[in-house]
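Right, one structure below, let's go through it.
Lettering of chains follows the sequences in order, A, B, ..., and the numbering in each one begins at 1.
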Number of protein chains: 2
Amino acid sequence: MSTGPGTGSDTAGNVKVMSTEPLTAERILEATEEVLRRHGPAKATVVDVARQLGVSHGSVYRHFRTKSALREAVTKRWLDRTTRELSSIADDEPKDAEASLRAWLAGLFEAKRRKAGDDPQLFATYEVLLAENSEVVEEHITELVAQIEQIVHWGVERGQFTALGPDAQVARAVFDATSRFHDPAYAPQWLKPEILVEFEAVVDLVLGGLRLLDRS
Amino acid sequence: MSTGPGTGSDTAGNVKVMSTEPLTAERILEATEEVLRRHGPAKATVVDVARQLGVSHGSVYRHFRTKSALREAVTKRWLDRTTRELSSIADDEPKDAEASLRAWLAGLFEAKRRKAGDDPQLFATYEVLLAENSEVVEEHITELVAQIEQIVHWGVERGQFTALGPDAQVARAVFDATSRFHDPAYAPQWLKPEILVEFEAVVDLVLGGLRLLDRS
DNA sequence: CAGATGACAGATTTCAATATCTGTCATCTG
DNA sequence: CAGATGACAGATATTGAAATCTGTCATCTG
């Protein structure tokens, strides 16, 4: 298992090489992710994380006040990766708000579906983390809804969308109506082949509701 | 454990009086519900159910092959009560399909919200049962979607709704888009006061998508 | 003889003793 | 002296022996 330049072997099983790099929060988060991947959410301990980094567990507590704060930070980091990925679609001012919203919703579904499908075990681990960090999840949802709101706003501005209500409320409705395609609780169903048809059907319905009526 | 007619009190705590009624599946289901209410899903045993009825547990097994079949039957019974309650809205041919669908969706939300709010502990018990009987849940969903399909069909027939696709598929999309307001996974959020506004927003969006465009 | 019973074997759950982990802090080290 | 360490107390998790439960079936009873 030993991989360090000079480090032969260690007493206990899987100890990673001691790095000369300074111990940063970021390095601890990476190590934690690795430990979670290997041991799962129930058996991943702070001691494991410290071992993984070749330091004492006291050092980890210098960067994160509690185990739960550490897990919260890992969760936030994971969710933020998705938020950032999608912001590229939401931030460019679109020519076609409807196409843009469609692309954004498809992007969200695609991102979640990939995470769930590629490594189901790691996904299950994150499901546990999400359940114990509802605060962080709520913030994540707030950010996603804000991105939808951006697109809705443009759509209303250029007369593509009806203003059914305040932009924020409409954005939230769009998010809620597509829950089945981004909420991890439904992940098992994302494997069914019909899911894509079902996704299209819901998106058609929702975009139909958004579209300005008096055009036809 | 003597329980003849005339037995006043018994050795162990909560034994129900022995009834002279014949032991039917229905009576066993009622007793099981009572035991689940009292002991919760984890500690409710077949022996408890038998005790509740004043019979031996062997007699319960004459009506239900396994404990899991018994729990499944209780679950189905619980879900069927909601299905039946809603069918009155779905079965009458409506003058106004939109108003009818709105009433049906509100009825479903209302029914679920009442169940969750009135006795949270019993609701939590049923959440466990639902999780272990996904087959039964799927059938329940199929029935509900069929009711929506009925309303959608009328709406299309009398030119109130656009045919966005096959009725069944559209009905399913309506059901999916309103998941947040009937899926027990979201029950904790049904307590928030904003939930009604959010419900209205989603229903407006969905009904807007259903509405025939070239009227305005 | 249809329907109920309770003893029984194997599966599952409970419980208490034991081991491990979390979070702190006095001490150490470069 | 900034940052790391590991011994320690209380909290949490693991483990295995004992208790309970599930499902069967030979036997009983009205």
**Message:** Nearest whole Å is fine: how far is D/dT14 P from A/His39 NE2?
**Reply:** 13 Å

**Prompt:** How many Å lie between CZ on A/Arg62 and P on C/dT24, as a whole number?
**Reply:** 12 Å

**Asked** Do we see a donor-acceptor contact under 3.5 Å between the side chains of A/Asp48 and A/Thr45?
**Response** yes

**Fill in**
Side-chain atoms of B/His57 come closest, of C/dC21, C/dA7, C/dA4, to C/dA7

**Request:** Return the nucleotide paired to C/dC25: Watson-Crick means purine N1 to pyrimidine N3 with N6-O4 or O6-N4, wobble means G-U with N1-O2 and O6-N3, both under 3.5 Å.
**Result:** D/dG6

**Message:** Does this structure show an ion pair linking B/Arg81 with B/Glu33, if we count only N-O contacts that are shorter than 4.0 Å?
**Reply:** yes

**Prompt:** For A/Lys115 and A/Glu85, what are the C-alpha separation, side-chain angles and deciding distance, and is it a salt bridge (Lys or Arg N to Asp or Glu O under 4.0 Å)?
**Reply:** CA-CA 13 Å; A/Lys115 274 187 182 169; A/Glu85 200 180 314; over 6 Å; no

**Message:** Could you report the tightest heavy-atom contact between B/Ala177 and B/Val202, atom names first, then the distance?
**Reply:** O-CG1, 3.5 Å

**Request:** Consider the side chain of A/Thr66, meaning its heavy atoms from C-beta on, and name the nucleotide among C/dG23, C/dT5, D/dA4 that approaches it most closely.
**Result:** C/dG23

**Request:** Write down the partner of C/dG30 under the Watson-Crick or G-U wobble criteria, each distance required to be under 3.5 Å.
**Result:** D/dC1

**Request:** Starting at atom OH of A/Tyr61, determine the distance to atom P of C/dT24, rounded to an integer number of angstrom.
**Result:** 8 Å

**Asked** Atom CZ of A/Phe64 to atom C1' of C/dC21: distance rounded to whole Å?
**Response** 19 Å

**Request:** Nearest-nucleotide wise, let me know which of A/Lys43 and A/Ser59 is further upstream toward the 5' end of DNA chain D.
**Result:** A/Ser59

**Request:** Please report, rounded to the nearest Å, how far the P atom of D/dT5 is from the CZ atom of A/Arg51.
**Result:** 14 Å

**Prompt:** Now, which nucleotide makes the Watson-Crick or G-U wobble pair with D/dA18, with each of the two distances under 3.5 Å?
**Reply:** C/dT13

**Request:** Scan A/Val46 against the nucleic acid and name what it touches under 4.0 Å (heavy atoms): base, sugar-phosphate only, or nothing.
**Result:** sugar-phosphate

**Asked** Counting side-chain heavy atoms from CB outward, which of D/dT22, C/dG23, D/dT5 is closest to A/Lys67?
**Response** C/dG23

**Fill in**
Taken to the nearest whole Å, CG/A/Leu23 to P/C/dG30 is 17 Å

